[in-house]
Structures are given as structure tokens and as C-alpha cells.
Enquirer: 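Sharing a structure here in C-alpha cells format.
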Amino acid sequence: MKDQPTDFIREIIRQDLESGRFDHVHTRFPPEPNAYLHIGHAKAIWINYSIAQEFGGLFNLRFDDTNPMTEEAEYVDAIIEDVRWLGVDWGDRLFFGSDYFEQTYQWAVELIKKGKAYVCDLSPEELIETRGTPTRPGIESPYRNRSVEENLELFERMRAGEFPDGARTLRAKIDMASPNILMRDPVMYRIRHASHHRQGNKWCIYPMYDFAHPLQDSIEGITHSLCSLEYENHRPLYDWFLDQLGIYHPRQIEFARSSITHMVMSKRRFIELVGGGYVSGMDDPRLPTLAGLRRRGYTPEAIREFCSRIGVAGKSKVESTVQIALLEDCVRDDLNKTASRVMAVLDPLKVVITNYRSHDNEEPASKLSPGESTPSHTQDGVEYLDAVNNPEDPSAGTRKVPFSREIYIERDDFREDPPPKFYRLAPGREVRLRYAYFIRCNEVVKDADGNIIELRCTYDPATRGGDAPDGRKVKATIHWVSAPHSIEAEVRLYDHLFSKPDPDDVPPGGSYIDNLNPQSLVTKTCRIEPSVIGAAPGTRYQFERLGYFCVDPDSTPERLVFNRTVTLRDTWAKIEKGMKEGSK
RNA sequence: UCCGGGGUCGUCCAAUGGCAGGACAACGGCCUUUGGAGCCGUCGAUCCUGGUUCGAGUCCAGGCCCCGGAGCCA
């Protein structure tokens, strides 16, 4: 294990273990099954899970499904898939808060018997009115002092379905003058005649989060209930229910949420973006949903690494905004070590190698290197060159790449009038074709409008493989594909969904929608070496010098579709940008 | 306005009264058959004002600023 991470939560847990408050560690991730998980959830999952792991403890996956109006089984499946994909193991501890409804009900009855809860007939509007404000205390409900017997009877009748939605609630009897508004006799149960995704029509009263959550944690023997900062104000209530009931009492600790620049991170906005047609769905590769990131080509390792690197806000428990560059660095770092390299040309420019032809009868067999079983130049003017699959990982091996008289190179890799520091191909200049030969550009062919449509070059047969026997150097190595052997594929070039780091940075009256990046998806047809034929969706590659790409599920046997996960660092782009800004 | 939480490099996170450190970004260099990767270096911060202390980012007081809170959501 690397350096033991430390943060205020782990510190508190260490102290709890030392003091004997707890003798083990047991955490949980409690999503409500009402939305797709996003990378913010990944942080919560990872904090809970990694802490359990480090302390040799247990981790539960629990669905907090106490509101039948918003929850659906579809989300349960999607969430399970996402959490599993992240690489988190909950063993056999997959639970549902709704499975505890009977116990929850019994505890509510117990609180009624203790005079700590009462049935209230106030309407939702009246409840709001009597709750007071931050500066003004609330006023007590006229039903606050009903007898235990009456409360018991009413609560039973609520369960029996005798009252319509909203007619009554069960409330905790705490303090209507508390400066913490959550303590002003909060609602514990509400009436909802609705079908529950798991319980069906068994219940028509449902516990509120504040009542249900501490009970769920208690039932499962959770030691440390790690949740996000917005629950800080809820902690006194969490503790109150547990104390009144006198049951096993986990400790709630809050951590800061993180957002990421150039992204939005809420269910509501995901729905707006999908509904407005700005993205294709909840798994659009531009969305920070786990499903979207997965489709984009992100690895679970990269996301876990990101969660570790952003850490847990310690004493500075303030919501942080992490730069997207950090996320991108994490995925590059992982993919660099694992992704197979392949050559693809996004914006093809044809190059004819005028002195390359069938070497049939021209090339004596004696020129073949020892052990080589086939001629390096075949009758149809094709030869197969060795290319390394991953320079970071020798065990990834090599492959053969076809080379011929007509190839494509990247249009960006040629300049008729090269600026300073541009090392690639230009008239009269020599570059290396990766794993192939040195070529020199002799002629630029243009169409009637003056557009460059073809380059005519010569190659140096002595440089086969990429080294010149005479020791001469070239300043650039460019990628290429053989024109007749390469295949066509669709590439979806993704960029940040929002142009500004903060999507909410808009003039008064504006909307984050205004900050949508019109270039967040650019679709192109590229040419790619034939080794990728048959690649399964989800397969990740590095397109040399361009970036990391992942096969999309939209692919068909006839036509592959690739998503660009992230570009490579592009030093030349930076230089070019610097020159442009310098000349302004 | 009341309650709760909080302000450390551009960003995220450390420093548990004792040399303010790391990562990402930026910048410069080395290296390179990916202008990739790697390696080396540079830049760069304790919100303000007092106080306690041999010594304060850390403790105390006052101020300023930011976040959360008035769902029968979670």
C-alpha cells in the first residue's frame, strides 16, 4: 500500500478506535434510486469504501428508498451496475431501506408511547406558516398535546389507509423555538397512497429521510455514517432519534462535495440537457454521469485515482471546484500505461510516394534480413512493418502495419509555409513516418481553388523501420495509414460541455445553457489502420499523437465508432497558441 | 437578520504550537522513432487587525467575506 492517506475523517475514526467508542469500522453508500450516479457520487462511494477497506472493515450498498413518488427499479439496476463498475465490492450486503419499514414503524410507535411523537392534522401550508423563520420561532401545533392513546390510534389508522395524502403527519415532539429549524417538530411520516418500486402497495405511509436514515444505519451496525456537508444541520436530529430510542448509535461525519469545472453536476440539469436535446442521453459521453464517463472511455481506475487525489476536505469543509484538468490527467495517466497504440488519421491528406512501387524483380532476395520468410516488398507494392503496441508495456507486443505507395497523413502535419518551430512536413523537408521510412516532400498538388489535395514525396528505402544508416536526423515523426488498406471509421471528438469553467457564469437573466460549448461534439470520418477491425465496444486505444479513443456501442460490424476520451498533451498546439497571442 | 459550517499557491489537498509541503495547471530545460511518456527546474499562498507565546496557518478577541438551513425531497 502507498502512503496511508490521512484526513480529518480517518483521524476521527482512528480516535474512535483508540478510545473504544467503536471496535471496528463499517460504512455504507446510501443512494436514492431516483437518478443516475455521477462522479460526485463516486467521491462519496470511494470515501466510504476506501475507508472501510483501509480499516479492515465492511461496506454496505443500501438503497435509501423511502419516497415512492420519485424512485424506480430502473435506477436500482443502473446504480448497481455503476457501483460495481467502479470496482467496489459490497459482498452480500446489498440492502434496501424499505425492507426496514416494519421496524421503522415500530420505532415510531415507541416514540409515540414515550410522548416524543404526535399525529398532526395541520395542512402542508399551515405547517410552513407555523414553522417560523430563521429569526422567528415557530408556534406549536394545536395537535401537539394529543394523548398517547389518540396518537397511537390515529397513527394506526394512517397506516391502515383511512386518510388521504397530506391529511396528517407524524411529527417528532422536539422544540418549536429551536434555532435549528430542522428541530422544530420535524415530520417523521407522511401519507402517500402510491406504489413503491419494491414494497408495492403494502404501505401508504412513508418515513422521511431524517427519521429513516439513522434507523437504517443503526440496524445495519454502521459505525461511521459518512455523508455530504448539507447534512451537517441534520446531525442533531440524527442523534436525537437514536438517543430517544436508545438504540445502537452510529456516528455521522460530513465531508465536502466537489464539483468540476466546465461541468454541471445535478440530476435536474442532466434532465434538462437530455430533454432539450443538448446531449443524447444520461450516458452521453459529455456528461459526468458514471454511465457517460464509462462510454467516453474513462476507466474505473482513473476515477478512483481522481477521487483519491481530490481528497477529503478536512478542516476547510467548503464545497470545492476541482479543475477538469486533474480528471483528464488521471485518465491519461492510466490509459498511457494500458491502452494499445494504433495509427489513425483524422483529417486525411493524400501522399503519393513516387519512387515506391512494386519491387518485384528489382529487389534481390539477398536483401532480406536473415530469418525473414517473406519478401519485405510484395508484388502489389505492399509491405508489413513492425509497430510497437505500447512503448510503456513491452509485454503488449508488436503488430504488423501495411505500408504502400499511397498513404494518408494528417493535414495538420503539413505546412506549405511552415512557421518557426514547426518541425513537420513542408516542401523540401524530410520527416519520419512512424515505424516506416523517411520521406521528403517534392511537390504540392492543388485543385482549381488552390486547396492542397495531394503531396508527392520520395522515400529513402535505406531508412526502413525509421533509422537512417548514415545517422542523419529528422526533427519530426508523423503518423500515417496506408490509403488502400486503412478502413473508414466514425470518430466523435468530445470537448468540454461548457465553454466557461463555471457554467453559471452568465449575465443577469442568463442561463447555464448559454454557456454550452457548441464544439463539445465534432463528428468526423477518419482513416485507421486495419488492426482495429472487429474491436468490441469499450475497447480503448491510443491513436498515436492524437489522444485516447474508445469503441462506442453504436459501432456496427461494418463501421466502427470511436469516442475521444481525451486528447494527448499537445505541446505544439501550446506553442502555436502562444505565437498567436504574442502577435496580437 | 437568526443558527450551523468555513476562509492556506491559479485549482485541489497537507502541515495535529516548531523550516508552510505535495498534486494538477503555468513557465523553462533535458530526453525522445508519439511535439506522447519520462526526467530536472522555476513561479506561486496562510482574508484583515489586534492579543497570548521563545515561537501562531494552528490558540484567543474583533472585523470582513463565502457556503448551508424555513419540502409532507434525499
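Just so it is clear: chains get the letters A, B, ... in the order the sequence lines come, proteins before strands, and each one is counted from 1. Note: hydrogens, waters and symmetry copies are ignored here, and every other heavy atom, side chains too, is used.
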Enquirer: Provide, to the nearest angstrom, the distance between the CD atom belonging to Glu392(A) and the P atom belonging to U34(B).
Expert: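 Value for this atom pair: 11 Å.
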Enquirer: Answer with yes or no after comparing the ring centroid distance for Phe155(A) and Tyr189(A) against a 6.0 Å cut-off, counting only values under it.
Expert: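 Between Phe155(A) and Tyr189(A), the centre distance is under 6.0 Å.
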Enquirer: Using heavy-atom distances to pick each residue's nearest nucleotide on RNA chain B, tell me which of Gly311(A) and Ile478(A) is more 5'.
Expert: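 It is Gly311(A), whose closest nucleotide lies nearer the 5' terminus.
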Enquirer: Does a donor on one side chain sit under 3.5 Å from an acceptor on the other, for Thr321(A) and Thr261(A)?
Expert: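 Short answer, no.
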Enquirer: Over how many whole Å does the gap from Lys421(A) atom NZ to G29(B) atom C1' extend?
Expert: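 Those two atoms, NZ and C1', are 12 Å apart.
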Enquirer: Considering every strand and a 4.0 Å limit on heavy-atom distances, what is the contact class for Thr261(A): base, sugar-phosphate, or nothing?
Expert: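 Counting heavy atoms under 4.0 Å across all strands, no contact is made by Thr261(A).
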Enquirer: ring-ring contact (aromatic ring centres under 6.0 Å, His included), that's the test. Do Tyr437(A) and Phe403(A) meet it? Break it down for me.
Expert: CA-CA 10 Å; Tyr437(A) 297 95; Phe403(A) 181 80; 5.3 Å; yes
Enquirer: OP1 or OP2 of C73(B) sitting under 4.0 Å from any side-chain N/O of Arg192(A)?
Expert: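 Yes.
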Enquirer: By the 4.0 Å heavy-atom rule, please label Tyr231(A) as base, sugar-phosphate, or nothing.
Expert: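 Since a base atom lies under 4.0 Å of Tyr231(A), the category is base.
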Enquirer: Output the rounded distance in Å from CG (Asp210(A)) to P (A70(B)).
Expert: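 After rounding, the reported distance stands at 11 Å.
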Enquirer: When the aromatic ring centroids of Tyr548(A) and Phe543(A) are compared, is their separation below 6.0 Å?
Expert: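 So the answer is no for these two rings.
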Enquirer: Strictly below 4.0 Å, heavy-atom distances to any atom of RNA chain B: list the hits from residues 60-70 of chain A, or just say none.
Expert: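 Residues of residues 60-70 of chain A that come under 4.0 Å of RNA chain B are, in numerical order, Asp64(A), Thr66(A), Asn67(A).
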Enquirer: Would you mind classifying the nucleic acid contact of Tyr435(A) as base, sugar-phosphate or nothing, using non-hydrogen atoms under 4.0 angstrom?
Expert: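 Answer is base: heavy atoms of Tyr435(A) come under 4.0 Å of a base.
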Enquirer: Go ahead and name the base partner of G4(B); Watson-Crick or wobble counts if both distances stay under 3.5 Å, otherwise write none.
Expert: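 C67(B) is the nucleotide pairing with G4(B).
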Enquirer: Please pick, from A70(B), G69(B), U34(B), the nucleotide with the shortest atom-to-atom distance to any side-chain atom of Arg341(A).
Expert: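 Minimum distance to the Arg341(A) side chain belongs to U34(B).
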Enquirer: Within the structure shown, what part of the strands sits under 4.0 Å from Arg434(A) by heavy-atom distance: base, sugar-phosphate, or nothing?
Expert: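 Counting heavy atoms under 4.0 Å across all strands, the contact made by Arg434(A) includes a base.
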Enquirer: Using a heavy-atom cut-off of 4.0 Å across all strands, would you classify Arg424(A) as base, sugar-phosphate, or nothing?
Expert: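 The answer is base, as Arg424(A) lies within the cut-off (heavy atoms under 4.0 Å) of a base atom.
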Enquirer: Can you tell me how far C1' of G4(B) sits from OH of Tyr238(A), to the nearest Å?
Expert: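 Those two atoms, OH and C1', are 19 Å apart.
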Enquirer: Figure out the CG/C1' separation between Asp502(A) and G10(B), and round it to whole Å.
Expert: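 Computing the Asp502(A):CG to G10(B):C1' distance gives 15 Å.
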Enquirer: Could you work out the separation of A70(B) and C54(B) based on their P atoms and round it to a whole Å?
Expert: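 These two P atoms come out 48 Å apart once rounded.
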Enquirer: In whole angstrom, give the distance that lies between atom CG of Leu229(A) and atom P of C67(B).
Expert: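 So the CG-P distance, Leu229(A) to C67(B), works out to 13 Å.
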Enquirer: Go along nucleotides 16-26 of chain B 5' to 3' and tag each nucleotide: B for a protein heavy atom under 4.0 Å from its base, S when only backbone or sugar atoms are that close, - otherwise.
Expert: B------SBSS
Enquirer: So, Glu32(A) and Thr70(A): side-chain donor and acceptor under 3.5 Å apart, yes or no?
Expert: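 Yes, side-chain donor-acceptor contact under 3.5 Å.
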Enquirer: Give Pro391(A) one of three labels, base, sugar-phosphate or nothing, depending on what nucleic acid heavy atoms sit under 4.0 Å from its own.
Expert: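 Contact class for Pro391(A): base.
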Enquirer: C72(B), G38(B), G35(B): which one has an atom nearest the side-chain heavy atoms of Met208(A)?
Expert: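 In terms of side-chain proximity for Met208(A), the closest of C72(B), G38(B), G35(B) is C72(B).
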Enquirer: Do the two ring centres, one from Phe422(A) and one from Trp572(A), sit under 6.0 Å apart?
Expert: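 Here the rings of Trp572(A) and Phe422(A) have centres that are less than 6.0 Å from each other.
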Enquirer: If you draw the axis of the six-membered ring of Phe163(A), does the NZ or CZ of Arg168(A) fall within 45° of it and under 6.0 Å from the ring centre?
Expert: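 Output yes; distance and angle both within limits.
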Enquirer: Closer to the 5' end of RNA chain B via nearest nucleotide, is it Asn180(A) or Gly132(A)?
Expert: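 Its nearest nucleotide lies further toward 5', so the answer is Asn180(A).
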Enquirer: Let's test this: given Watson-Crick or G-U wobble pairing with both distances under 3.5 Å, identify the partner of A61(B).
Expert: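 Checking every strand shown, A61(B) finds its partner in U49(B), with both distances under 3.5 Å.
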Enquirer: Looking only at atom C1', what distance separates C43(B) and G62(B), rounded to whole Å?
Expert: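 Here C43(B) and G62(B) have their C1' atoms 36 Å from each other.
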Enquirer: Is the Phe241(A) to Phe211(A) ring centre distance short of 6.0 Å?
Expert: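 Ring centroids of Phe241(A) and Phe211(A) are less than 6.0 Å from each other.
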Enquirer: So which nucleotide does C24(B) pair with, by the Watson-Crick or G-U wobble rule with both distances under 3.5 Å?
Expert: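 Per the H-bond distance test, G10(B).
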Enquirer: With a 6.0 Å cut-off on the ring centroids, do Tyr206(A) and Phe101(A) count as close?
Expert: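 Centroid separation for Tyr206(A) and Phe101(A): below 6.0 Å.
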Enquirer: Give a yes/no on whether any side-chain N or O of Arg257(A) is located under 4.0 angstrom from OP1 or OP2 of G68(B).
Expert: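 So the side-chain polar atoms of Arg257(A) never come under 4.0 Å of the phosphate oxygens OP1 or OP2 of G68(B).
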Enquirer: Counting only side-chain heavy atoms from C-beta out, which of G35(B), U34(B), C12(B) sits nearest to Ser320(A)?
Expert: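 Of all the options, the side chain of Ser320(A) is nearest to C12(B).
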Enquirer: With C1' as the reference atom in both, quote the distance from G55(B) to G63(B) in angstrom, rounded to an integer.
Expert: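 The same atom, C1', in both gives a distance of 26 Å.
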Enquirer: Mind checking Ile575(A) for me? I need base, sugar-phosphate or nothing, with any heavy atom below 4.0 Å counting as a touch.
Expert: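 Answer is base: heavy atoms of Ile575(A) come under 4.0 Å of a base.
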Enquirer: Classify the nucleic acid contact of Phe422(A) as base, sugar-phosphate or nothing, counting any heavy atom under 4.0 Å across all strands shown.
Expert: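 Base contact.
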Enquirer: Under a 90° cut-off about 0 for the syn range, is G51(B) syn or anti?
Expert: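 That one's anti.
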Enquirer: What distance, rounded to whole Å, do you find between the two C1' atoms, one in G6(B) and one in C47(B)?
Expert: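 Rounded to whole Å, the distance is 12 Å.
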Enquirer: Does the side chain of Ser258(A) get closer than 4.0 angstrom to OP1 or OP2 of C12(B) through an N or O atom?
Expert: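 No, outside the criterion.
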Enquirer: So if I take every side-chain heavy atom of Pro134(A) and compare against G69(B), C13(B), G36(B), which nucleotide ends up nearest?
Expert: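 So the nucleotide nearest the side chain must be G69(B).
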Enquirer: Rounding to an integer number of angstrom, what distance separates C65(B) and G17(B) when you compare their P atoms?
Expert: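 Per the computed distance, 31 Å lies between those P atoms.
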Enquirer: Ring of Tyr105(A), cation from Arg159(A) - is the NZ or CZ under 6.0 Å from the centre and inside 45° of the axis?
Expert: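 Geometry flag: set, cation within 6.0 Å and 45°.
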Enquirer: Verify the ring-centre separation between Phe549(A) and Tyr541(A): is it less than 6.0 angstrom?
Expert: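 They do not qualify: ring centres at least 6.0 Å apart.
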Enquirer: Please classify the nucleic acid contact of Leu170(A) as base, sugar-phosphate, or nothing, using heavy-atom distances under 4.0 Å.
Expert: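 The answer is nothing, as Leu170(A) stays clear of every strand by at least 4.0 Å.
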Enquirer: Which whole-number value in Å describes the distance from Leu127(A) CG to C73(B) C1'?
Expert: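 Spelled out: CG on Leu127(A) to C1' on C73(B) is 14 Å.
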Enquirer: Can you tell me how far P in U8(B) sits from the matching atom in C13(B), rounded to whole Å?
Expert: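 These two P atoms come out 9 Å apart once rounded.
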Enquirer: How is Asp467(A) classified with respect to the nucleic acid when contacts are heavy atoms under 4.0 Å: base, sugar-phosphate, or nothing?
Expert: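 Base contact.
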Enquirer: Within this structure, what is the CG-to-P distance between Leu568(A) and G38(B), rounded to whole angstrom?
Expert: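 For the pair Leu568(A) CG and G38(B) P, the rounded distance is 11 Å.
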Enquirer: Using atom C1' of each nucleotide, how far apart are G4(B) and C9(B) to the nearest Å?
Expert: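 The answer is 29 Å between these two C1' atoms.
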Enquirer: Out of G35(B), C2(B), A74(B), which has the shortest distance to the side chain of His234(A)?
Expert: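 Selected nucleotide: A74(B).
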Enquirer: Tell me yes or no: between the side chains of Asn67(A) and Tyr209(A), is some donor less than 3.5 Å from an acceptor?
Expert: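 No, because no side-chain N or O of Asn67(A) sits under 3.5 Å from a partner of the opposite role on Tyr209(A).
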Enquirer: CD/Glu162(A) to CD1/Ile191(A) distance, rounded to the nearest 0.5 angstrom?
Expert: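 With rounding to 0.5 Å, CD (Glu162(A)) is 10.0 Å from CD1 (Ile191(A)).
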Enquirer: From the list A74(B), U34(B), G36(B), which nucleotide is the closest neighbour of the side chain of Arg545(A)?
Expert: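 The answer is U34(B).
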Enquirer: Establish, yes or no, whether a centroid distance under 6.0 Å links the rings of Tyr36(A) and Tyr75(A).
Expert: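 For Tyr36(A) and Tyr75(A), the ring centres are under 6.0 Å apart.
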Enquirer: Please determine, for the side chain of Asp333(A), which listed nucleotide (G36(B), C73(B), G38(B)) has the closest atom?
Expert: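 From the listed options, G38(B) comes nearest.
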Enquirer: Which of the following nucleotides, U1(B), C72(B), G36(B), is nearest to the side chain of Thr135(A)?
Expert: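 Side chain of Thr135(A) sits closest to U1(B).
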Enquirer: If we take the C1' atom in both A20(B) and A45(B), what is their distance in whole Å?
Expert: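 A20(B) and A45(B) have their C1' atoms separated by 9 Å.
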